[in-house]
Amino acid sequence: MLAKTQSVALVGVDALEVIVEVDVASGLPAFQVVGLADQAVSEARERVRAAIKNSGLPFPAARITVNLAPSDLRKEGVFFDLPIALCLLAAQGLIPLERLGRVLIAGELALDGSLRPVSGILNLTLKAHQLGYSVLVPAANAPEAAILGDVEAYAPATLLEAMRHLAGTKPLERVQDSGVAETLEPRYCLSDIKGQGQAKRALEIALAGGHNLLLIGSPGSGKTMLSKRAADLLPPLTRQEALEVTRIHSAAGKLQGRGLIRTPPYRSPHHTVSDAGLIGGGSIPKPGEVSLAHQGLLFMDEFPEFSSKALETLRQPLEEGVVTISRARASVTYPARFQLIAAMNPCPCGYWGDTQRGCTCSPLLRQRYLGRISGPLLDRIDLVVNVPRLSVEELTRAQTGETTVAVLERVTRARAQMLERQQCRNSLLEGRGLREHAALNAAAESFLTAAARQLQLTGRGYDRILRVARTIADLSGSLTLEASHLAEAV
């Protein structure tokens with residue numbers, strides 16, 4: 001007897017429909033899985049067999065063939081344990097065959113018949129929304145399955161519960177969104193940092209316009225403290241942005257039972273991270289730190305200590321907002337529209353230019369250190385700010401300045417103004433849109449022309465100053481660009 005249902009296979013952040021067919025025929029007992037399945041899928045045979053028997057359900061002593069279609073699509077992971085087991089039970093008449101139609105099923109089986117969570121459930125739910133199907137997933141994935149309220153989602157805890165639900169003997173209640181939002185209270189306050197008025201101002205401008213920022217200063221000057229407070233200076237994600245972020249984290253298996261991610265992500269990889277860990281990769285490509293930071297912040301401390309190859313691979317996502325990973329088996333594209341905040345020392349010892357402590361590095365050593373960051377990469381960083389180390393007197397007498405809440409209000413107001421005017425942040429303005437929304441009067445144009453000649457700006461550098469100046473104008477509530485805005489940007 002033949003039974004079939006539907007599941008999905010993840011390719012990047014996209015879920016592609018997979019038809020799970022199970023045929024139980026007479027013959028010598030055998031259990032075979034076909035359809036370009038990887039090792040984890042092939043091992044489902046033993047998990048399914050043990051789970052069915054330990055749930056007190058019959059397992060057929062027959063020739064069992066499982067086909068995962070389409071056969072040219074690579075299937076991996078433990079997504080298919082539950083649909084295979086339910087099809088086996090349907091083939092024995094324990095579940096009506098029609099109940100397996102128009103439903104997407106995924107879940108890993110433990111040997112005792114309980115269900116374990118799997119990654120990518122939001123991606124599966126989005127596919128079900130597109131197809132008009134319901135979903136059946138493990139109970140631990142219930143918060144994720146409830147994110148899209150218009151999709152019928154059911155979350156059994158065991159194989160037996162799933163069978164009884166589909167058989168109609170003990171239907172499950174539809175999963176509902178708890179409605180509990182993530183806390184948006186600031187974890188750190190900007191007023192904790194004494195002095196550093198220029199660095200705080202640069203951080204505010206960068207976060208308001210979505211500009212990339214490089215902080216240069218000696219050890220202990222406050223670069224890391226500034227970056228940690230940056231995460232709390234970003235307004236909450238919109239519904240669409242939250243769905244984009246959550247589906248990436250879902251595909252990477254990083255949700256851990258949470259629902260919709262409403263706060264912008266903050267990722268801080270160590271400088272020893274591998275290229276695949278930073279950009280993404282593997283034999284079956286997985287999202288890296290740049291994708292996990294989508295719509296949020298990527299903080300890279302000790303910027304020159306990252307491998308030159310890893311740094312150069314940042315150029316594509318910084319420019320295009322996506323990262324494409326090509327392998328022999330697959331080529332996938334992940335969203336990577338993140339904001340980069342990098343921090344570095346001015347030299348290997350860290351004290352070049354420090355008036356309180358002399359530098360021990362030779363000029364050649366300093367040149368090599370700074371040369372690890374290429375010109376094309378620096379050209380994609382809008383703001384470069386020196387963060388001097390405070391003296392003892394400044395530490396004891398310096399004013400703390402504004403709180404995170406006060407700065408967040410200005411950042412939120414400026415971002416709302418940008419979205420109303422041009423439907424994107426200023427960092428994404430280019431071409432005709434940049435010329436239209438960053439138009440210059442005669443005085444401003446004369447100033448920028450002189451600055452471009454003196455600084456020998458590239459075309460990208462010229463546009464970068466316009467974008468930053470537009471953000472400064474938005475923070476001040478000005479509708480037009482003035483020479484003073486350009487001067488601060490320069």
Side-chain angles (χ1 to χ4, degrees), residues 190-191 193 195-217 222 226 229-230 233-235 339-341 378-388 398-490:
L190 202 60
S191 62
I193 303 176
Q196 303 298 3
Q198 183 188 30
K200 291 179 181 177
R201 173 63 173 168
L203 189 65
E204 179 183 345
I205 295 169
L207 296 175
H211 306 287
N212 301 314
L213 172 66
L214 175 60
L215 302 171
I216 304 176
L226 282 165
R229 281 142 186 84
L233 291 172
L234 290 176
Q339 186 176 345
L340 175 66
I341 296 182
L378 275 175
D379 217 25
R380 288 168 170 81
I381 297 177
D382 296 342
L383 295 168
V384 180
V385 181
N386 288 315
V387 185
Q399 298 296 319
T400 55
E402 294 180 290
T403 64
T404 290
V405 174
V407 177
L408 176 59
E409 288 179 0
R410 285 201 301 272
V411 170
T412 304
R413 187 167 58 248
R415 283 206 171 189
Q417 186 174 332
M418 296 171 202
L419 293 176
E420 182 180 353
R421 181 181 62 236
Q422 68 221 12
Q423 291 76 51
C424 69
R425 291 180 296 229
N426 288 335
S427 61
L428 303 179
L429 280 176
E430 57 184 14
R432 183 181 302 175
L434 180 60
R435 301 294 179 265
E436 177 184 350
H437 300 297
L440 303 175
N441 56 33
E445 186 174 358
S446 176
F447 174 86
L448 185 55
T449 301
R453 286 200 187 102
Q454 184 175 348
L455 299 175
Q456 298 180 345
L457 294 176
T458 63
R460 185 183 285 116
Y462 184 91
D463 287 351
R464 185 171 68 235
I465 288 178
L466 282 178
R467 286 193 286 263
V468 174
R470 180 66 263 177
T471 300
I472 294 172
D474 287 333
L475 284 169
S476 65
S478 175
L479 297 178
T480 59
L481 275 183
E482 305 294 340
S484 58
H485 302 142
L486 290 167
E488 185 176 2
V490 171

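Remember, predicted model here, so these are calculated numbers, not experimental data. Count residues from 1 along the sequence.
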Exercise for the section: Measure from the side-chain N and O atoms of E409 to the backbone N and O of T404, and report whether any donor-acceptor pair falls under 3.5 Å. Expected result: no
Problem - L340 side, atom CG; S427 side, atom OG - distance, nearest 0.5 Å - result: 12.0 Å
Exercise for the section: Can you sort out the partners of R410 under salt bridge (charged side-chain N to carboxylate O under 4.0 Å, His left out), two or more places apart, ordered by chain and number? Expected result: E204, E402
Practice task
Please list all pairs passing the side-chain hydrogen bond (donor to acceptor under 3.5 Å, both in side chains) test where one or both residues lie in residues 416-425, with sequence neighbours left out.
Solution key: Q417-D474, R421-N426, R421-D474, Q422-N426
Exercise for the section: Could I get the full list of side-chain contact (heavy atoms from CB on, under 4.5 Å) partners for L457, not counting sequence neighbours? Expected result: A452, L455, I465
Practice task
Work out which heavy atom in L226 is nearest to a heavy atom in K200; give both atom names and the distance.
Solution key: CD2-CG, 4.1 Å
Problem - Side-chain heavy-atom pair D379, R464 within 4.5 angstrom cut-off - result: yes
Exercise for the section: Answer yes or no: is there a side-chain heavy-atom contact under 4.5 Å between L440 and L486? Expected result: yes
Exercise for the section: Taking the side chain as every heavy atom from C-beta outward, state whether L429 and L466 have any pair of such atoms under 4.5 Å apart. Expected result: no
Completion exercise
Heavy-atom closest pair (A444 atom, A483 atom, distance to 0.1 Å) is CB-N, 4.0 Å
Exercise for the section: Heavy atoms only: give me the nearest A451-V490 pair and the separation to one decimal. Expected result: CB-CG2, 4.2 Å
Fill in the blank from the handout: Closest non-hydrogen contact found for L213 with A206 is CB-CB, 4.1 Å
Problem - R229: partners by side-chain contact (heavy atoms from CB on, under 4.5 Å), with sequence neighbours left out - result: Y188, L190, D192, I193, M225
Exercise for the section: Provide the full list of salt bridge (charged side-chain N to carboxylate O under 4.0 Å, His left out) pairs with a residue in residues 446-457, sequence neighbours left out, each pair given once. Expected result: none
Problem - Set of side-chain hydrogen bond (donor to acceptor under 3.5 Å, both in side chains) partners for D463, sequence neighbours left out - result: R435
Exercise for the section: Determine the minimum heavy-atom distance between A473 and S476, stating which atoms define it. Expected result: O-OG, 2.8 Å
Practice task
Using modelled atom types only, decide if a donor and an acceptor are shared between the side chain of D382 and the backbone of V468 within a distance under 3.5 Å.
Solution key: no
Practice task
Identify, with sequence neighbours excluded, every residue that meets salt bridge (charged side-chain N to carboxylate O under 4.0 Å, His left out) alongside R413.
Solution key: none
Practice task
Indicate whether the side chain of T471 and that of H211 have a donor and an acceptor atom separated by less than 3.5 Å.
Solution key: yes
Handout entry: Student check: side-chain heavy atoms of L203 and V385 closer than 4.5 Å
Key = no
Problem - Pairs where residues 437-451 contributes a residue and the test side-chain hydrogen bond (donor to acceptor under 3.5 Å, both in side chains) is met, not counting sequence neighbours - result: N441-E482
Fill in the blank from the handout: Sorted by chain and residue number, the side-chain contact (heavy atoms from CB on, under 4.5 Å) partners of P235 (sequence neighbours excluded) come out as L408, V411, T412, R415
Problem - Contacts of type side-chain contact (heavy atoms from CB on, under 4.5 Å), residue L419, not counting sequence neighbours - result: none
Exercise for the section: Any chance you could measure L207, atom CG, to Q339, atom CD, to the nearest 0.5 Å? Expected result: 5.0 Å
Fill in the blank from the handout: To the nearest 0.5 Å, atom CG of N386 lies from atom CD of Q196 at 10.5 Å
Problem - Contacts of type side-chain hydrogen bond (donor to acceptor under 3.5 Å, both in side chains), residue E488, not counting sequence neighbours - result: R201
